[in-house]
Amino acid sequence: MGPDRKEVPLSRGTQAVVVGRGRGAPGDGSSMGGRPSSPLDKQQRQHLRGQVDTLLRNFLPCYRGQLAASVLRQISRELGPQEPAGSQLLRSKKLPRVREHRGPLTQLRGHPPRWQPIFCVLRGDGRLEWFSHKEEYENGGQCLGSTALTGYTLLTSQREYLRLLDALCPESLGDHTQEEPDSLLEVPVNFPLFLQHPFRRHLCFSAATREAQHAWRLALQGGIRLQGTVLQRSQAPAARAFLDAVRLYRQHQGHFGDDDVTLGSDAEVLTAVLMREQLPALRAQTLPGLRGAGRTRAWAWTELLDAVHADVLAGASAGLCAFQPEKDELLASLEKTIRPDVDQLLRQQARVAGRLRTDIRGPLESCLRREVDPQLPRVVQTLLRTVEASLEAVRTLLAQGMDRLSHRLRQSPSGTRLRREVYSFGEMPWDLALMQTCYREAERSRGRLGQLAAPFGFLGMQSLVFGAQDLAQQLMADAVATFLQLADQCLTTALNCDQAAQRLERVRGRVLKKFESDSGLAQRRFIRGWGLCIFLPFVLSQLEPSCKKELPEFEGDVLAMGSQALTTEGIYEDVIRGCLLQRIDQELKKTLGANDVSCTLDGCLEVPWEQEGADEETEAEREGGACPRQPDSGTQIQPLCPPPSRGTFRS
């Protein structure tokens with residue numbers, strides 16, 4: 001912990017930002033009344049900027065170190081032996097997105113608060129905007145408000161939302177007065193959509209029909225997940241380094257155990273870290289000064305948090321933007337300095353790791369046998385059920401989609417209906433209503449898995465569920481892309497309808513076989529990755545008092561290597577990680593009955609989405625031309641039935 005931490009502490013006991021207390025301001029735009037008389041004043045904003053600056057001063061050195069370690073891992077993975085059973089499906093070039101969704105809703109807003117009609121738009125990047133009316137949106141007018149959906153939770157039960165609101169200020173529940181805001185919230189809302197956030201203002205919407213509510217629920221949940229897992233989906237060294245740096249930074253503050261703080265962009269993650277550190281003091285010093293009682297005060301509290309969150313987010317964004325040029329230069333420099341010496345660095349790393357392993361073997365084995373081994377089988381089995389059920393639902397949907405295409409090809413090989421069917425098939429990964437079957441399976445084990453993982457300090461169930469859902473969507477996208485490319489290669493003008501349908505049947509079988517292979521690999525990666533997330537921080541916390549004191553004696557050897565990519569702490573964690581992975585792999589062998597369940601650690605939570613224009617082998621190259629493309633053949637089916645237009649099956 002650096003000296004800056006002592007000067008301006010960020011933990012409990014820090015002076016909270018005390019926002020103006022007293023009467024509400026008519027016309028201030030608050031949604032529920034009872035809001036402080038003004039936003040944050042200059043002094044309060046300066047205080048927040050100081051807190052953000054302190055956070056960055058302590059976090060960025062950790063980030064720089066993890067950037068170096070991440071580059072070393074990437075280079076060693078590139079030069080090392082490849083997995084014997086790699087991915088069989090093509091990588092989809094389409095990036096994750098949500099379909100734009102728009103329509104009329106009503107929103108609880110204004111002062112005094114009342115339900116007012118709006119026109120709402122969920123953008124493809126997961127950002128929510130609302131306008132005064134549809135024409136304002138269509139004419140490019142200014143929206144009334146907008147928000148990134150990161151960190152929100154969607155509730156469609158008014159009773160559940162009111163219980164949550166009551167829990168925010170439990171000390172004032174007995175002080176209810178007949179104030180208008182409380183009575184407004186008591187009015188039944190037929191088809192509500194409540195967006196709740198731990199550090200931001202709540203958003204209350206209502207749909208006109210149950211069907212509209214259902215459509216908005218799917219769209220909003222998709223947007224929340226898309227924005228939440230932006231870092232987890234990335235395989236870029238900088239993204240991986242950032243997540244590792246956040247974990248290490250929090251461990252240095254005494255916080256062991258994964259939670260959902262890493263959902264969102266880098267600036268949103270740092271904002272959540274600081275907000276969590278500040279929340280107890282902020283609550284203790286500010287909440288008593290808010291006017292109103294019960295839900296009025298609770299709503300005012302969320303608006304106060306929203307003002308603090310906005311300022312912290314602005315400061316974190318500015319700080320990370322200022323660091324960006326240095327980060328780019330550092331990554332380029334690390335690549336040049338590490339790559340020529342990577343073999344020597346890895347040998348030195350292995351030498352120190354071997355000595356460390358010998359020194360900590362006793363306490364480590366004792367901890368694993370006593371704490372981890374009794375629960376590991378149940379955790380692995382529950383993780384397996386979670387991802388297995390979700391991917392089996394993907395396989396079912398995929399097979400049904402391919403069957404529909406074959407059926408349509410026999411009925412109408414050319415024309416609008418076939419093209420529409422091909423388009424619908426290509427959009428399956430982004431069809432939230434269709435994929436909901438798979439996503440629900442990922443949710444089913446949440447409660448059981450949460451109970452198993454909680455004793456180890458793991459509170460990141462939302463991240464885990466999102467990870468399983470992202471994996472389902474990704475494998476569906478890869479399988480769809482593979483089928484469409486193979487179909488485009490195999491269907492030629494020399495085929496009649498029956499022959500073309502038979503070709504598609506063979507393609508269907510090949511795609512399902514490839515899906516089974518990739519699905520098994522993905523399941524093992526998922527279980528290994530999330531098993532580490534559950535157990536590694538706990539084991540590190542248990543060994544902290546005894547084993548950490550052994551590390552200084554290795555500092556000289558590590559410093560002699562002369563590379564910032566290697567640190568004693570990093571090698572120490574790698575040793576513990578390796579021992580845990582051995583335990584997890586042994587359990588996987590028992591559970592799956594596999595001879596070899598090993599897979600690379602990097603990217604263990606999910607296989608990377610490929611960026612637009614990325615290089616990739618074609619399926620024909622991989623299969624040695626098993627389904628050869630004829631010169632100048634698009635997707636054409638010839639003579640006995642009218643052919644579909646060229647490239648019908650191109651994704």
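Note that these values count all heavy atoms, side chains included, but never hydrogens, waters or copies made by symmetry.
One finds the CG atom of Leu248 at 9.0 Å from the CG atom of Leu540 (value rounded to the nearest 0.5 Å). If you take CG on Leu108 and CZ on Phe194, they are separated by 8.0 Å, rounding to the nearest 0.5 Å. Here CD1 of Ile338 is found 9.0 Å from CG of Asp341. Values are rounded to the nearest 0.5 Å. Taking CG of Leu364 as the reference point, atom CG of Leu356 lies at 11.0 Å (rounded to 0.5 Å). We find the CD-CD distance between Glu371 and Gln542 to be 5.5 Å, quoted to the nearest 0.5 Å. Interatomic distance, CZ of Arg200 versus CG of Leu149, reported as 8.5 Å (0.5 Å rounding).
Salt bridge status for Asp266 with Lys327: absent, with no side-chain N to carboxylate O gap under 4.0 Å. In summary, Asp574 and Arg577 engage in a salt bridge, as defined by a charged side-chain N under 4.0 Å from a carboxylate O.
Other residues, nucleotides and ligands contribute over 12 non-hydrogen atoms within 6.0 Å of the CD atom of Gln324.
Ring centroid separation for the pair Tyr249 and Phe242 does not come in under the 6.0 Å cut-off.
Of all the heavy atoms in Gln473 and Arg97, the pair that sits closest is NE2-O, 4.2 Å. Of all non-hydrogen atoms in Leu122 and Leu220, the two that sit nearest each other are CD2-N, 4.1 Å. Between Phe526 and Gly467, the shortest heavy-atom contact is CE1-C, 4.0 Å. The shortest non-hydrogen separation linking Tyr161 to Leu155 is CA-CD1, 3.9 Å. Between Gly531 and Leu383 the shortest heavy-atom distance is N-CD1, 4.0 Å. Nearest approach of Gln196 to Pro198, heavy atoms of both residues: NE2-N, 3.7 Å.
Two residues are said to be in side-chain contact when any heavy atoms from C-beta on lie closer than 4.5 Å; Leu164 and His202 meet this criterion. Using a 4.5 Å cut-off on side-chain heavy atoms (C-beta onward), Gln348 and Arg351 make contact. The side-chain heavy atoms of Leu60 and Arg64, taken from C-beta on, include a pair separated by under 4.5 Å. With a 4.5 Å cut-off on side-chain heavy atoms, Leu72 and Leu346 count as touching. In this structure, the side chains of Glu268 and Leu263 stay at 4.5 Å or more apart for every pair of heavy atoms. Val246 has its side chain within reach of Phe59: a pair of non-hydrogen atoms, C-beta onward, lies under 4.5 Å apart. Within the 4.5 Å cutoff, side-chain heavy atoms of Ile576 are placed close to those of Ile360. Side-chain contact between Asp260 and Phe466 is absent, with no heavy atoms from C-beta onward closer than 4.5 Å.
In this structure, Arg233 contributes its side chain and Leu226 its backbone to a donor-acceptor pair below 3.5 Å. Judged by distance alone, with hydrogens and angles left aside, the side-chain atoms of Thr229 form a donor-acceptor pair with the main-chain N or O of Arg225 at under 3.5 Å. Within the 3.5 Å criterion, the main-chain N or O of Asp41 finds a donor-acceptor partner in the side chain of Gln44. Between the side chain of Asp259 and the main chain of Leu459, no donor-acceptor pair closer than 3.5 Å is present. Formation of a donor-acceptor pair under 3.5 Å by the Thr286 side chain with backbone atoms of Arg283 is not found in this model. Panel note: side chain Gln227, backbone Asp125; a donor-acceptor pair is recorded below 3.5 Å. Without hydrogens or angle criteria, Ser366 side chain to Gly362 main chain gives no donor-acceptor distance under 3.5 Å. Proximity of a side-chain donor or acceptor of Thr302 to a complementary backbone N or O of Trp299 within less than 3.5 Å is detected.
Every side-chain contact (heavy atoms from CB on, under 4.5 Å) that Ala241 has, sequence neighbours left out, goes to Tyr63, Gln66, Leu67, Ser70. The ring-ring contact (aromatic ring centres under 6.0 Å, His included) test applied to Phe456 returns Phe535, Phe538, not counting sequence neighbours. The ring-ring contact (aromatic ring centres under 6.0 Å, His included) test applied to Trp130 returns Phe205, not counting sequence neighbours.
Tested against Thr147 for a side-chain contact (heavy atoms from CB on, under 4.5 Å), the candidates Leu203, Asp306, Leu195 yield a single pass: Leu203.
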Gln232 vs Asp470, test: side-chain contact (heavy atoms from CB on, under 4.5 Å). Steps then yes/no.
CA-CA 10 Å; Gln232 283 76 5; Asp470 278 348; 5.7 Å; no
Apply side-chain contact (heavy atoms from CB on, under 4.5 Å) to the pair Leu274 and Leu48, showing each step before the final yes or no.
CA-CA 10 Å; Leu274 185 55; Leu48 282 176; 5.9 Å; no
Test Leu305 against Met275 for side-chain contact (heavy atoms from CB on, under 4.5 Å), laying out the working first.
CA-CA 9 Å; Leu305 283 177; Met275 292 295 291; 4.1 Å; yes
Would Gln469 and Glu443 count as a side-chain contact (heavy atoms from CB on, under 4.5 Å) if you check the C-alpha gap in whole Å, the side-chain angles of each, and the deciding distance to 0.1 Å?
CA-CA 9 Å; Gln469 292 173 340; Glu443 291 270 6; 3.9 Å; yes
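Side-chain contact annotation: Arg73 with Ser76, donor-acceptor N/O pair under 3.5 Å absent. Between the side chains of Glu573 and Gln251, a donor-acceptor pair is found at a separation under 3.5 Å.
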